[in-house]
K.L.:
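Right, I'll just put the structure down here and ask away after.
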There are 2 protein chains.
Amino acid sequence: MLTIGKLGEAAGVKVPTIRYYEQIGLLPEPERSAGNQRLYGDSALDRLAFIRHARELGFPLDAIRDLLSLSDEPDQSCAAADVIAKKQLTAVKARIARLTALKAELERMIAQCAQGTVADCRVIEVLSDHSHCAQDHRTSGAAE
Amino acid sequence: MLTIGKLGEAAGVKVPTIRYYEQIGLLPEPERSAGNQRLYGDSALDRLAFIRHARELGFPLDAIRDLLSLSDEPDQSCAAADVIAKKQLTAVKARIARLTALKAELERMIAQCAQGTVADCRVIEVLSDHSHCAQDHRTSGAAE
DNA sequence: CTTGAAGCTATAGCTACTAGAGACCTTACA
DNA sequence: TGTAAGGTCTCTAGTAGCTATAGCTTCAAG
């Protein structure tokens, strides 16, 4: 049996975050010790690790909730989980594309920024001029 | 003179967001019409475009505030702006690396997810197992 | 048996917006 | 000149996903 601190350490999740996940119903209420402290078994660790990795993959908590409900009822079709994963993959690809363009923009900004005064510095100028925009700059509004 | 709606359209920023930026002091209070509606000149458009692009580049509002204060006093050294941009570049690079690893993970998940029941589906298994983690998975905690 | 770390609840705060209510202004057209 | 549509006004509250604080209790080591 793990205390909340040990569980958090094992899963790489901060203690208040675990309590938050319990509060919003992502984690079930655990057993308590005689002194009212939470005690977790291995299944809680698995579940929390699942949540953590899904968060790192960019899944919103609602999607994670869906995925967990699938695993809680394992006779359902896999198609639903597959749909969620594919949707996330699309979003991840879009983010990579956008960040790559932004990286180029930042690099150009830094290259143009001589070590003079701000008056000579193009960082600000570059950022206020639309004509410098990278292509995908306007097709954004995605889940950030 | 632009109304707030035209300004938002020109800069690609929603109207409530402009009012929000004014509220937190990123934009100065503009002139008003006889009927108390905001009226903006070109300098407001430049400033808002700057903010928008900086946001898209991933700068937090605090960093943008710093950059704006630099451009408001253009005799200062450019070094500060350069430092901010470089810091952002590092963060952007890290995010790209992480997302690329995550993309591979999702692709493998989808490939492994046969169209059977969840019991056969490895989506959840992959996500709860640390040993499947990509390398940089643990070096995160970055600005998301 | 004491001390210090870890845990408890509850509430408030954070970033960067977004949405809604209900009133007012502006403009285009008849 | 009237009116109707749609833009704008202020204000408040809500969103996601946590994080921080206060003030208390419990646990484990020495």
Side-chain angles (χ1 to χ4, degrees), chain A residues 1-27 29-40 44 47-48 50-68 88 91 95 140-144, chain B residues 1-27 29-40 44 47-48 50-68 84 87-88 91 95 140-144:
Chain A
M1 284 300 189
L2 299 161
T3 61
I4 196 169
K6 298 293 176 193
L7 176 69
E9 205 175 332
V13 174
K14 285 176 190 154
V15 166
T17 304
I18 297 172
R19 289 197 277 247
Y20 169 71
Y21 286 161
E22 180 185 324
Q23 188 190 311
I24 63 170
L26 276 190
L27 292 175
E29 294 187 16
E31 289 179 55
R32 297 287 183 131
S33 72
N36 199 37
Q37 299 194 350
R38 289 170 180 82
L39 291 177
Y40 296 93
R47 198 177 178 93
L48 185 55
F50 171 84
I51 295 170
R52 191 220 161 171
H53 292 139
R55 285 296 298 135
E56 286 182 341
L57 286 164
F59 290 83
L61 290 183
D62 275 356
I64 294 172
R65 205 186 296 270
D66 288 350
L67 285 167
L68 283 170
Q88 269 328 100
R95 281 161 86 173
S140 66
E144 188 83 17
Chain B
M1 283 300 189
L2 299 161
T3 62
I4 195 169
K6 298 293 176 193
L7 176 69
E9 205 175 331
V13 175
K14 287 176 190 152
V15 167
T17 305
I18 296 172
R19 289 197 277 248
Y20 169 72
Y21 287 161
E22 180 185 324
Q23 188 189 312
I24 63 171
L26 276 190
L27 291 176
E29 295 187 15
E31 288 178 55
R32 298 287 182 132
S33 73
N36 200 37
Q37 300 194 349
R38 290 169 179 83
L39 290 178
Y40 297 93
R47 200 178 176 91
L48 185 54
F50 172 84
I51 295 170
R52 189 219 164 172
H53 292 140
R55 286 294 299 133
E56 285 181 342
L57 286 164
F59 290 84
L61 290 182
D62 275 356
I64 294 171
R65 204 186 296 272
D66 288 350
L67 285 168
L68 283 170
I84 294 171
K87 194 174 148 216
Q88 269 327 100
R95 280 162 86 173
S140 67
E144 191 82 18

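On a predicted model such as this, the values are computed, not experimentally measured, just so you know. Lettering follows sequence order; numbering is per chain, from 1.
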K.L.:
Please name the pair of heavy atoms, one in A:I24 and one in A:R65, separated by the smallest distance, quoted to 0.1 Å.
P.N.:
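Residues A:I24 and A:R65, closest heavy atoms: O-NH1, 2.8 Å.
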K.L.:
Quick check for you: to the nearest 0.5 Å, what is the distance between A:R38 atom CZ and A:L27 atom CG?
P.N.:
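Here the interatomic distance stands at 10.0 Å.
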K.L.:
Whole angstrom is fine here: how far is it from CZ in A:R19 over to P in D:dT19?
P.N.:
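After rounding, the gap between these two atoms is 13 Å.
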K.L.:
Is any side-chain N or O of B:Y21 closer than 4.0 Å to OP1 or OP2 of C:dC17?
P.N.:
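True: B:Y21 side-chain N/O within range (under 4.0 Å) of C:dC17 OP1/OP2.
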K.L.:
In whole Å, what is the span from the CG atom of B:L2 to the P atom of D:dT8?
P.N.:
11 Å
K.L.:
Which heavy atom of A:P60 sits nearest a heavy atom of A:R55, and at what distance?
P.N.:
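Distance-wise, the nearest heavy atoms are CA-NH1, 3.9 Å.
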K.L.:
Over how many whole Å does the gap from A:E56 atom CD to D:dG17 atom C1' extend?
P.N.:
15 Å
K.L.:
Looking only at non-hydrogen atoms, find the nearest pair between B:L39 and B:R32 and report the distance.
P.N.:
CD1-C, 4.3 Å
K.L.:
Within the structure, does a side-chain N or O atom of A:K14 lie under 4.0 Å from either OP1 or OP2 of D:dT19?
P.N.:
yes
K.L.:
Please report, rounded to the nearest Å, how far the P atom of D:dA16 is from the CD1 atom of A:I51.
P.N.:
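Checked: the CD1 to P distance equals 16 Å.
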K.L.:
Rounding to an integer number of Å, can you tell me how far B:I4 CD1 sits from C:dT26 C1'?
P.N.:
15 Å
K.L.:
Which heavy-atom pair separates A:L61 from A:Y21 by the least distance, and what is that distance?
P.N.:
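Closest approach of A:L61 to A:Y21, heavy atoms only: CD2-CE2, 4.0 Å.
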K.L.:
Do any N or O atoms of the protein come closer than 3.5 Å to N or O atoms of nucleotides 27-30 of chain D, and which pairs are they?
P.N.:
from   : atom 1 : to    : atom 2 : distance (Å)
D:dC27 : OP1    : A:S33 : OG     : 3.3
D:dC27 : OP1    : A:G35 : N      : 3.0

K.L.:
Would you kindly give the CZ-to-P distance between A:R32 and D:dT26, to the nearest whole Å?
P.N.:
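Roughly 13 Å, once rounded to whole Å.
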K.L.:
Is any side-chain heavy atom of A:R19 less than 4.5 Å from a side-chain heavy atom of A:V15?
P.N.:
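They are in contact (side-chain heavy atoms under 4.5 Å apart), so the answer is yes.
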K.L.:
Please report the shortest heavy-atom distance between B:E22 and B:P30, naming the atom on each side.
P.N.:
OE1-CD, 3.5 Å
K.L.:
Indicate whether OP1 or OP2 belonging to C:dC17 is found under 4.0 Å from a side-chain N or O atom of B:R52.
P.N.:
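No, because none of the side-chain N or O atoms of B:R52 sits under 4.0 Å from OP1 or OP2 of C:dC17.
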K.L.:
Report the distance from atom CZ of A:R65 to atom P of D:dA16, rounded to the nearest whole Å.
P.N.:
9 Å
K.L.:
Calculate the interatomic distance between A:Y20 atom OH and C:dC14 atom C1'; express it in whole Å.
P.N.:
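So the OH-C1' distance, A:Y20 to C:dC14, works out to 13 Å.
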K.L.:
D:dT8 phosphate, OP1 or OP2: any side-chain N/O from B:R38 under 4.0 angstrom?
P.N.:
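No, B:R38 has no side-chain N/O under 4.0 Å of OP1/OP2 on D:dT8.
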K.L.:
Do any side-chain nitrogens or oxygens of B:T17 fall under 4.0 Å of OP1 or OP2 in C:dA16?
P.N.:
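Checking B:T17 against C:dA16: no side-chain N or O falls below 4.0 Å of OP1 or OP2.
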